[in-house]
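No experiment lies behind these values; they were computed from the predicted model shown. Letters go in sequence order (proteins before strands), and every chain restarts at 1.
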Amino acid sequence: MRYSKYFIPTLREVPADAEVVSHKLMARAGMIKKLASGIYSYLPLGVVMIKKVEEIVRQCMNEAGAIELVMPSVQPAELWQESGRWDFYGKELLRIKDRHNRDFCYGPTHEEVITDIIRSYISSYKALPINLYQIQTKFRDEVRPRFGLMRGREFIMKDAYSFDVDDAGANESYKKMYDAYCKIFERCGLRYKVVEADSGAIGGSYSHEFMVLADTGEDFVISCDSCDYSANVEKAPLKNEYKPFAGEMKPAEDIETPGAKTVAEVAEFLKVPDAAIIKTMVLNVDDKIIAVCVRGDHELNLAKVKNYFDASIVDFATPAEIFDHTGSPMGFCGPCDIKIPVYGDFAVTEMGNYCVGANSKETHKINVNHGRDFQFEAVDDFRNAEAGDNCVACDGKYEITKGIEVGHIFKLGTKYSSSMNAMFLDNNGKRNPFVMGCYGIGVTRVVSAAIEQNHDEKGIKWPVHLAPFKICVLPLAMKDKDVVETAENIYKNLTDRGIEVLLDDRDERAGVKFNDAELIGIPLRVVVGKKTLADGKVEIGVRSTGESSETAVDDCCEEIVRKLQELSA
RNA sequence: CGGGGUGUAGCGCAGGUUGGUAGCGCACCUGUCUUGGGAACAGGGGGUCGAAGGUUCAAAUCCUUUCACCCCGACCA
């Protein structure tokens, strides 16, 4: 490709709204342009990047026996009503109406559509298993889009769906995808980690997330320091290793705490550590109001609560609901003398003589003890794991790191096939629902993640397999015939070998060409300048290491190919 | 949705408090010169000051409303 005939509008300055490196660099490298919050145009270089990732994804998916198709981005409401998700999938689902006032949505995911396709055509166990995938633009009306392509509202995703005759088959399909995903992310040159995850809104029995480790990640990954257990904080279970409180119970008393509402304020006021306080959270669990108590310095985990109650929707109760059910203003709730059931996190069992809200304004109770002053309905694992907590799998301790979720695989079971009546006949002639799995990769997010992991102050450093161009040829003096001719020859030679080369044939100064090449992140650079050319040499530079060396013009193409192979290995 | 902030040339920003000629850097166009790390000089083009309404002789500036975008808390590839 000739730079002068291409379109890479690089920016010298960072757009004011870019926050993270990948977003800044993508904007500066002329890959994307924002149209609206969370909605971006992919400029030519951005498209090439997306295609690079897609190419790797396709190859590995096909190898794993999955078959590509494409489903519509706009879907009728009926299908979603059938699966029951029209009402459950909240505001993220972009609902639209057509001219006949019929309800549609812009697809955030495609379980309904694929299930509809499969049930229409497959009615025998003989056609199973089957795994279909697509690479499609999706839309999720995120509450807060941010970080460029990392969390866009419109984004490109590869989603695959497997259908099996039974659980064992589904497990096998799942394993295949697991392995394919590892291959994909390895080939993308990413440092990643596979973690156990909560299955969230998609539903299903178990799932894994593929996390790219990076400081800008929005997810917290728990991993053990001595075994290889790791999980999302949402999921990471904790052991019940707390012994009941055995100390002497002091008499409880109410104490005025003017102005102190949060745990930190109360702790400061009473001069006790956060861990000597119990915070009581009032929750709405499928329209039932309950209270959950966790230690003051711990964080409540709503996903765990949701799973414990096998609920569809769990949310914090509104101030009005709190007042109606406890008589308490928000911030002063406590477990004593309230009508709703009170649950506790494991960690509270060993606490005694602690402080809780007194269910009235500006008042807390101290020296409270469960068993005497109130009863827990049940005690279970309701909090987020933290660094230093004990591993569930061994004697090690948890560590916590940040990650970007680039892939997520779910074993769905029969959730969708049952609700949508997608059945096949088994070898006994009996009707069974398909056992399903679904598997997503955020293609556009992979591009972001790759940049987060591979950059320096000058710009992007693409891993070779992702690089939009493997080599750039920079003639430094466009008015010098020898320089231009030599560069053209090298360009032609390499292009003829099927290598993606960018020839910077713009009449720009050396500095401009160097800076753009480094910003765009091309792995190898060939510099053709007057001085070195006088000695019959050109300079070959490696972006990732910053090394460079001079080579005779006649040998340079061989040398470049050799270096390229070295980088690809 | 709650809290905070920003909208002025393609990009980055000043100006606003004290109303009175719309400014700077980069980019762009023309020319001279230069050419291994974002050159220099000279000349030039480009603006409904986010939008609507109001106050005023006069509004980028003051008032009201509204929209968009960004950041901090509940979602997900």
Side chain of [X] (C-beta onward), nearest among [options]:
| X | options | answer |
| --- | --- | --- |
| Ala510(A) | U34(B), C13(B), G37(B) | G37(B) |
| Glu19(A) | G38(B), C71(B), G36(B) | C71(B) |
| Asp17(A) | A77(B), C70(B), U35(B) | C70(B) |
| Phe514(A) | A77(B), G36(B), C11(B) | G36(B) |
| Lys531(A) | G36(B), A77(B), G38(B) | G36(B) |
| Ser37(A) | C71(B), U35(B), C69(B) | C69(B) |
| Glu13(A) | G12(B), U35(B), C69(B) | G12(B) |
| Arg509(A) | A39(B), C76(B), G37(B) | A39(B) |
| Val512(A) | G12(B), G38(B), G37(B) | G38(B) |
| Val143(A) | C71(B), C1(B), A77(B) | C1(B) |

Partner nucleotide, any strand, of [N] [Watson-Crick/G-U, under 3.5 Å]:
| N | value |
| --- | --- |
| U61(B) | none |
| U6(B) | A68(B) |
| A40(B) | U32(B) |

Please confirm whether the shortest side-chain N or O distance from [X] to OP1 or OP2 of [N] is below 4.0 Å.
| X | N | value |
| --- | --- | --- |
| Lys34(A) | C70(B) | yes |
| Arg146(A) | C72(B) | yes |
| Arg151(A) | A77(B) | no |

Categorize [X] for me: base, sugar-phosphate, or nothing, with a 4.0 angstrom heavy-atom threshold over every strand shown.
| X | result |
| --- | --- |
| Val14(A) | sugar-phosphate |
| Glu518(A) | base |
| Asp159(A) | nothing |
| Leu11(A) | nothing |
| Arg525(A) | base |
| Lys513(A) | nothing |
| Asp219(A) | base |
| Gly407(A) | sugar-phosphate |

Taking atom types as modelled, is there a side-chain donor on Asn284(A) or Asp315(A) under 3.5 Å from an acceptor on the other?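 Judged by distance alone, the side chains do not pair up.
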Donor-acceptor pair under 3.5 Å: do we get one between [X]'s side chain and the base of [N]?
| X | N | answer |
| --- | --- | --- |
| Arg445(A) | C76(B) | yes |
| Arg144(A) | G3(B) | no |
| Glu508(A) | G38(B) | no |
| Lys530(A) | U35(B) | no |

[atom1] atoms of [N] and [M], separation to the nearest Å:
| N | M | atom1 | result |
| --- | --- | --- | --- |
| G15(B) | A60(B) | C1' | 8 Å |
| G16(B) | C33(B) | C1' | 42 Å |
| G73(B) | U66(B) | C1' | 26 Å |
| C13(B) | C1(B) | C1' | 32 Å |

For Gly407(A) and Tyr181(A), which heavy atoms make the closest approach, and how far apart are they?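 Reported closest heavy-atom pair: CA-CE2, 4.2 Å.
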Flag as yes if Phe155(A) stacks onto the base of A77(B) (centroids under 5.5 Å, planes under 30°), otherwise no. yes
Any side-chain heavy atom of Tyr439(A) sitting closer than 4.5 Å to one from Ser162(A)?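 Side-chain contact under 4.5 Å: yes.
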Would you check if the distance from the ring center of Phe210(A) to the ring center of Tyr178(A) is below 6.0 Å? yes
Between Thr532(A) and Gly152(A), the residue closer to the 5' end of RNA chain B by nearest nucleotide is Thr532(A)
I'd like to know if the side chain of Asn232(A) reaches the main chain of Lys235(A), judged simply by a donor and an acceptor atom lying under 3.5 Å from each other, with no hydrogens or angles considered.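 Here the side-chain-to-backbone pair does not exist.
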Looking only at atom types and distance, does a side-chain atom of Asn307(A) sit under 3.5 Å from a main-chain N or O of Asp310(A), one as donor and one as acceptor?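 Side chain of Asn307(A) to backbone of Asp310(A), a donor-acceptor pair under 3.5 Å: no, none is there.
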Would Arg95(A) count as a cation-pi partner of Trp80(A), with NZ or CZ less than 6.0 Å from the six-membered ring centre and within 45° of the ring normal? no
